[in-house]
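Chain letters run A, B, ... following the sequence lines, proteins first, then strands; residues in each count from 1. What you are looking at is a predicted structure, and each value in this text was computed from that prediction instead of being measured.
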Number of protein chains: 2
Amino acid sequence: MPTGADAARPTMRDVAALAGVALKTVSRVMNGVPSVDPVLAARVRAAAAELAYRPNLAANLRSGRTNTVGLLLEDIGNPFSAATLRAIEDELEAAGILLLAASLDEQPSREEELTRRLIDRRVDGLIVVPASRDQRYLVAEQLRGTCVVFLDRLPQPLVADAVVSDNRVGARRGVEHLVRHGRRRIAYLGDDPAIPTAAERFRGYVDALAGQGLPVDPALVRHGLRSVQEAHRAAADLLAGPDGVGVDALFTSQNLVTIGAVGALHAAGRHREVAQVGFDDIPFAEALEPGVTVVAQDTRMLGRTAAERLLARIHGDRSAPQVFSVPSRLLVRGSGELPVSTTP
Amino acid sequence: MPTGADAARPTMRDVAALAGVALKTVSRVMNGVPSVDPVLAARVRAAAAELAYRPNLAANLRSGRTNTVGLLLEDIGNPFSAATLRAIEDELEAAGILLLAASLDEQPSREEELTRRLIDRRVDGLIVVPASRDQRYLVAEQLRGTCVVFLDRLPQPLVADAVVSDNRVGARRGVEHLVRHGRRRIAYLGDDPAIPTAAERFRGYVDALAGQGLPVDPALVRHGLRSVQEAHRAAADLLAGPDGVGVDALFTSQNLVTIGAVGALHAAGRHREVAQVGFDDIPFAEALEPGVTVVAQDTRMLGRTAAERLLARIHGDRSAPQVFSVPSRLLVRGSGELPVSTTP
DNA sequence: CTGAAAGCGCTTACAG
DNA sequence: CTGAAAGCGCTTACAG
């Protein structure tokens, strides 16, 4: 006799036997095929209820579809990733698709590894925020019909759909906003420029300064900030710099960097004097004093667009791949519009 | 000729044919069975490489396992859910398990619906932050061996493993902290008390006041706050109350409520006068002025414990279900320790 | 309208 | 060490 508490899970075959019909009839009833004799259908339903039968969705090897989409994000625990995940979830919900999600933590090897694992599970498609700079490993899979949409960053030599924010234009707008409010010594604090979005935002910073006839002072540029702590230290360092450096504003090009810099400004007591505009919205930006002005990415739109695109591909759209640019928005909250002090 | 770009996905059968061996031999090689003749194994590997063969992990109907765990959270976009998801992901990573995650948005019907969908996909187990107050629909599934661990809230009439924070004790500690710093008119702002964790935290608030011989004034209690906006309004309302009410501190029992109340305190300019302690940590709590003192849930530990428990169950642990209480921690940052003004 | 057969891509169980 | 058979739980394709 069985030792476990496991009652066997009934199959269609068991339901068929109990109802006294063929397995195929059970299949028809479960799938709502209308042409089944109502009497038989009722018997099948009764039998299914009695056995508490549940179909095994994983057993449908022939359809080729799993109603699952794989989602590879930077870090599910980070607010930007979480918001994006949520937007994608909502969009795929209606299609009855569930999300298999994982974090890459900016590790290129994890990207390929997890992509393979997801494909081996035969997800219907993938949405990937790439961590590596080369997605060629996907070419063969694309030819086999695996649908992939890239999010937040462009795939590198690969041709595929991608949904990205207008990083360069948005960054430019943020920096121009600072200039318009009288700032001239605007520092740039950002992530590793090897990350394409970081590079684009830096270009936007340079564009803005160039457009206003302002020099790009290397002493005011800090790349490679990978955490709140590093950003805090870099900002503190800039603020403590020799008088000649005279930073009067910070442009922080990513959410963690913005958070670190806000902390440094407050710690130094200069948050009402040195202006700041960040790229990426941050939680709580409005509750701070001053509120943190940011160029916000439209995470809902990014997620929705990527999900829509992927669904279209899954449903057979074979049109040429496109890049979709989602506009960012400047959210004015105070830190970018501080009055310029007129001390000698 | 085929119209699509879809190159057929090769199967073990194709590899076997190309290598001139039986399908079973390919299976052995792919699974690393050591007893295969090295010459044959090499031939199989060459054939697999030539065809770019990838095993179909979804095809293993006989194992009964899918190496997938279902995760039902309140809202994946909310920082608490996201942090928990991340902790669970990290813990299951090593076991080669991927997460199928979805948000319930506190809708009881979604809980049962999504639970069924996940079970129909034969996930190896489920981690659920329940939205409903009755999990009896799971009894039959438990008997069939579906492993379920509840997180953050206890399952209701059901007996199952659960991992929860020490809500009542933690809330009590937070309120006692306010009393110890001279506060006497401490308001409670919280979520719907129908949510068990909210109810527990309210009990902790009552415990603390009772333990200090302080009355619970209904005029200072606001239940049912479901968003940042509602919390902001409720806090603003309390702060604007008649002088007799004289709130001197806020205990906010959930992250969104804390965020809303912080906003209201700042908006009213009373953030240096009215003390606050929140339950749940919030992003950026340290960057605010004053820093927000909170009773923080240990999301990493909550997630890890739930994942460990589930893995043990999946691996056959049949011991009696337990409730695991994860200690919360008081993080002192300023808002709870404001000096009491000595104005007449 | 109903059902027996073959098949999805693998594995388990069993011969050679 | 290797392989032909049967099976996992369903569906597709085809007869009746």
Handout entry: Residue Val21(A), side-chain heavy atoms: nucleotide from dG3(C), dT2(C), dT2(D) that is nearest
Key = dG3(C)

Practice task
Would you kindly say whether Arg9(B) and Thr146(A) are connected by a side-chain donor-acceptor distance under 3.5 Å?
Solution key: yes

Problem - Between Glu89(A) and Ser103(B): side-chain donor-acceptor atoms closer than 3.5 Å - result: yes

Handout entry: Residue whose closest nucleotide on DNA chain D lies nearer the 5' end, Lys24(B) versus Arg122(B)
Key = Lys24(B)

Handout entry: Distance-only polar pair, side chains of Asp317(A) and Ser319(A), donor-acceptor under 3.5 Å
Key = yes

Fill in the blank from the handout: By nearest-nucleotide position on DNA chain C, the 5'-leaning member of Asn31(B) and Arg13(B) is Arg13(B)

Exercise for the section: Can you tell me the distance, in whole Å, between the CZ atom of Arg54(A) and the C1' atom of dC10(D)? Expected result: 15 Å

Practice task
Ignoring backbone atoms, establish whether Tyr53(A) has a side-chain N or O less than 4.0 Å from OP1 or OP2 of dG9(D).
Solution key: no

Problem - Nearest-Å distance for atom pair CZ/P, residues Arg62(A) and dT11(D) - result: 11 Å

Practice task
Taking only Lys NZ, Arg NE, NH1 and NH2, and the carboxylate oxygens of Asp or Glu, determine whether Arg86(B) and Asp90(B) approach each other closer than 4.0 Å.
Solution key: yes

Practice task
Map Asn60(A) and Thr25(A) onto DNA chain C by nearest heavy atom, then report which one ends up closer to the 5' terminus.
Solution key: Thr25(A)

Completion exercise
Rounded to whole Å, CG of Asp14(B) lies from P of dC8(C) at a distance of 10 Å

Fill in the blank from the handout: Per atom distances to the Ser35(A) side chain, the nearest of dT11(D), dT11(C), dC1(C) is dC1(C)

Practice task
Mind calculating the distance between CG (Asp120(A)) and C1' (dC10(C)) to the nearest angstrom?
Solution key: 13 Å

Exercise for the section: Ignoring backbone atoms, establish whether Ser63(A) has a side-chain N or O less than 4.0 Å from OP1 or OP2 of dT11(D). Expected result: no

Handout entry: Atom-to-atom span, CG of Leu23(A) to C1' of dG7(D) - whole angstrom
Key = 14 Å

Handout entry: Between dT11(D) (P) and Leu61(A) (CG): distance, integer Å
Key = 11 Å

Practice task
For Arg136(B), look at atom CZ and say whether over 12 heavy atoms of other residues, nucleotides or ligands are found less than 6.0 Å away.
Solution key: no

Handout entry: Rounded distance in Å - CE (Met30(A)) to C1' (dC10(D))
Key = 12 Å

Handout entry: Partner nucleotide, any strand, of dA13(C) [Watson-Crick/G-U, under 3.5 Å]
Key = none

Handout entry: Separation of atom CG in Leu40(B) from atom P in dT2(D), rounded to whole Å
Key = 5 Å

Practice task
Using Watson-Crick or G-U wobble geometry with both distances below 3.5 Å, tell me the partner of dA4(D), or none.
Solution key: none

Fill in the blank from the handout: Of Arg28(B) and Leu57(A), the one whose closest nucleotide on DNA chain D sits nearer the 5' end is Arg28(B)

Practice task
With heavy atoms under 4.0 Å as the rule, sort Ala59(B) into base, sugar-phosphate or nothing.
Solution key: base

Practice task
Identify which nucleotide among dC10(C), dG3(D), dC1(D) has an atom closest to any side-chain atom of Asn56(B), counting heavy atoms from C-beta outward.
Solution key: dC10(C)

